[in-house]
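Each remark here refers to the structure printed beneath this line.
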Amino acid sequence: MTIFSEKVLEVARNVQRGKTMTYKEVAARAGNSKAARAVGAIMASNKDLCIPCHRVIRSDGKIGGYNGLLGEKRMRLREEGAWQP
DNA sequence: TAGTTGACCGGAA
DNA sequence: ATTCCGGCCAACT
């Protein structure tokens, strides 16, 4: 566990329902705005199922990836009203 | 220790 | 609008 990863998880955990954050924003809040890619890597390896990582999306508005089924993430975001194409 | 990989980003063609 | 390319950082081999 590095400081950065803890920060990232903390930030992701802090995202409230109905809100979304880009990987870049999370990285910036964690201290390194250029580590957007690393954020995804951390999520993938840590598999934080206790964390609302589904509220973290890409900067271009796309969903991105997910540890489990991608459809679940999409459904949750639609349910929370954060992703309505 | 060094090389690869990937839930990314922004600019260029 | 879409595709391509280089850069960035942490985890894995």
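Keep in mind the model is a prediction, meaning the values are calculated, not measured. Naming convention: chains lettered A, B, ... in sequence-line order (proteins, then strands); numbering from 1 in each chain.
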Quiz item: For A/A41, does its backbone N or O pair with a side-chain atom of A/S45 as donor and acceptor, under 3.5 Å?
Solution: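 Side chain of A/S45 to backbone of A/A41: a pair is present.
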Quiz item: Which one of A/V26, A/T22, A/N32 satisfies the side-chain contact (heavy atoms from CB on, under 4.5 Å) criterion with A/V39?
Solution: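 For A/V39, the side-chain contact (heavy atoms from CB on, under 4.5 Å) check succeeds only for A/V26.
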Exercise. Only one of A/M21, A/K73, A/K19, A/R17 passes side-chain contact (heavy atoms from CB on, under 4.5 Å) with A/R55; say which it is.
Key: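 For A/R55, the side-chain contact (heavy atoms from CB on, under 4.5 Å) check succeeds only for A/R17.
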Quiz item: Ignoring hydrogens and angles, are the base of B/dA7 and the side chain of A/Y66 linked by a donor-acceptor pair under 3.5 Å?
Solution: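 Check fails, no donor-acceptor contact within cut-off.
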Exercise. Could you work out the complete set of other residues in the hydrophobic cluster of A/M75, with links drawn between I, L, V, M, F, W and Y side chains under 4.5 Å apart?
Key: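 Members alongside A/M75: none; it stands by itself.
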Quiz item: In terms of side-chain geometry, is the basic nitrogen of A/K62 or A/D60 positioned less than 4.0 Å from the acidic oxygen of its partner?
Solution: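 Looking at A/D60 together with A/K62, the answer is no, because their closest N to O distance does not fall below 4.0 Å.
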Quiz item: Which nucleotides of nucleotides 3-13 of chain C have their base under 4.0 Å from a protein heavy atom (B), which only their sugar-phosphate (S), and which neither (-), written as one string 5' to 3'?
Solution: ----BBBSSS-
Practice problem: Can you tell me the distance, in whole Å, between the NZ atom of A/K62 and the P atom of B/dG10? | Solution: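 Answer to the nearest Å: 13 Å.
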Quiz item: Rounded to whole angstrom units, what separation is found between the CZ atom of A/R58 and the C1' atom of B/dG10?
Solution: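 My rounded result for the distance is 11 Å.
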